[in-house]
**Student:** 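Mind looking over this structure? Questions follow.
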Amino acid sequence: MREQIEILKAFTGTIQHYFGSWETIFSGVRDGRNPKWITYPIEGLFCAGVLMFLFRLGSRRQINHQMRGNGPSQSKFEAWFDVENIPHGDTINYGFKRLDADEVQEVVCRMVERLIRKKVLYRWRLFDNFLIAVDGTGMLTFRERHCEYCLSKKLRNGETLYYHPILEAKLVTANGFAFSIMTEFIENTNPQANKQDCELKAFYRLAERLKKRFPRLPICLLLDGLFAGGPTFQLCEDYNWRYLIVLQDDDLPNVHRTYDVVLPCVPENHKRVLLGQQQEIVQDYRWVTHIAYVDSEKSPHCLHLLSCEETKPNNQGDTRTSHHKWLTNFILTKTNVDTLANQGGRLRWKIENEGFNVQKNDGFNLEHPYSQDGNARKVFYFLLQIAYMIFLLMEKGSLFRNSFPNGVGSLRNIAFRLLEAWRNLHLSPAGFLSLYKGRYYIRLDSS
């Protein structure tokens, strides 16, 4: 019982400490339902959706099986929203169809903004810049056309695959945070267009929205080679953004050639760094600055290229060498190249691991179609991002870590224990609210 109280305290205390009440979190979202037929407040629908993802139930149907009809579960929900039961999964879907998805996107933006304003994430900035990784991923795939906005592609066997990808901008940190800050859905909204929507088009839309929503936020974009081009360089210059772009051998061949020609002429542009408990990891950095590049529109750009050759032992006792290159608009010097690489460029993969991989394969079921309605599906996607933000803050917060110093095994076990506490711990409404409304001091694990 004590452990169940502690994990509920960590959960409710994290929400209250960082974001306040559910009403505060979702303020500004207009309820599109008929007031005469409303049983559950809109905040209750949102909360039930967030709980579905936090508990990793996997589908709306599991809300009915795992949460509705369960006394302790209903009692806690009643304490929050003064209703007798938890809304049915179909009720949630019905309500989400009638919302403005952009208003729910604004909730996500506001939550990240609150963390920034409270200086929760300041220690993980790169030279005062917040790291925003941008990458695309698949969300839904179908063998038949799902809706008029589907993208399509021909497979080798002659079949046509219909799919819905997204482009995500996530604020990433060295300790494992990967918070969605803005999402751009890649879809064919214009039936008259002669080309499909794509990641590059979505990136320019996303960047414009990001600058408009966070006009003064110091940003360093972490990108892959797809975005290495004149429009991106110009955009970052216009918006006063920094960037670190992973450069592969076949990206911008003229830049690679200039680098290879100039590098022998600047032998001083070299730095060796030893890492690891026994200094067994060797990193050799080399760089060339002020590379002239002219894009396809004949616009000139000044680029800097940083390379790292890393050698470290593998599990078999041998050594393995890897090569990395980043294109950047940071001025490269001997004092900052290793910081830019290790605390900047190499964090781009966190959008894949801590972001997409966990949300797809660790119980959040990102690729599950939570609704057949396009608008409701977007709302569910945003709730997944909200739930994941709360989960990461809880898992790395001192409320949870002090109560479970040895951990609980995998991260999935946290969700399992949280669900069991929600379903099995009998608390009066006043007792539950005392956990939720307590005053907590939370420190985040920075390891």
**Student:** Measure from NZ or CZ of Arg377 to the centre of the six-membered ring of Phe185, then state whether that distance is under 6.0 Å and the direction lies within 45° of the axis.
**Tutor:**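 No, cation not above the ring by the 6.0 Å, 45° rule.
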**Student:** Aromatic contact between Trp80 and Phe432, with the criterion being ring centroids under 6.0 Å apart: yes or no?
**Tutor:**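 Yes, close enough.
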**Student:** Tell me every residue that passes salt bridge (Lys or Arg N to Asp or Glu O under 4.0 Å) with Arg320, counting only those two or more places apart in sequence or in another chain.
**Tutor:**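 In terms of salt bridge (Lys or Arg N to Asp or Glu O under 4.0 Å), with neighbours along the sequence ignored, Arg320 is linked to no residue.
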**Student:** Taking only Lys NZ, Arg NE, NH1 and NH2, and the carboxylate oxygens of Asp or Glu, determine whether Glu208 and Lys212 approach each other closer than 4.0 Å.
**Tutor:**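 Answer for the salt bridge query: no.
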**Student:** Using the ring of Tyr441 (Phe, Tyr or Trp, six-membered ring only), decide whether Arg443 places NZ or CZ under 6.0 Å from its centre and within 45 degrees of its axis.
**Tutor:**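 Not flagged: Arg443 not positioned over aromatic ring of Tyr441.
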**Student:** Taking side-chain hydrogen bond (donor to acceptor under 3.5 Å, both in side chains) as the cut-off, I'd like each qualifying pair that reaches into residues 220-232, sequence neighbours left out, listed once.
**Tutor:**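 Found none.
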**Student:** Please walk me through it: do Glu43 and Phe81 pass side-chain contact (heavy atoms from CB on, under 4.5 Å)?
**Tutor:** CA-CA 8 Å; Glu43 297 84 4; Phe81 301 106; 3.8 Å; yes
**Student:** Would Leu126 and Leu340 count as a side-chain contact (heavy atoms from CB on, under 4.5 Å) if you check the C-alpha gap in whole Å, the side-chain angles of each, and the deciding distance to 0.1 Å?
**Tutor:** CA-CA 8 Å; Leu126 178 68; Leu340 289 172; 4.0 Å; yes
**Student:** Can you tell whether the side chains of Lys170 and Glu354 come within less than 4.0 Å, N to carboxylate O?
**Tutor:**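 Here Lys170 does not pair with Glu354 in a salt bridge, since their nearest N and O are not under 4.0 Å apart.
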**Student:** Under the ring-ring contact (aromatic ring centres under 6.0 Å, His included) test, which residues partner Tyr370, sequence neighbours left out?
**Tutor:**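 For Tyr370, the residues satisfying ring-ring contact (aromatic ring centres under 6.0 Å, His included) (neighbours in sequence not counted) are Phe53, His368, Phe380.
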**Student:** Could you go step by step and tell me if Ser307 and Trp326 meet the side-chain contact (heavy atoms from CB on, under 4.5 Å) rule?
**Tutor:** CA-CA 6 Å; Ser307 70; Trp326 298 275; over 6 Å; no
**Student:** Looking at Asp338 and Arg346, does any basic side-chain N land under 4.0 Å from a carboxylate oxygen?
**Tutor:**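 So Asp338 does not pair with Arg346 through a salt bridge.
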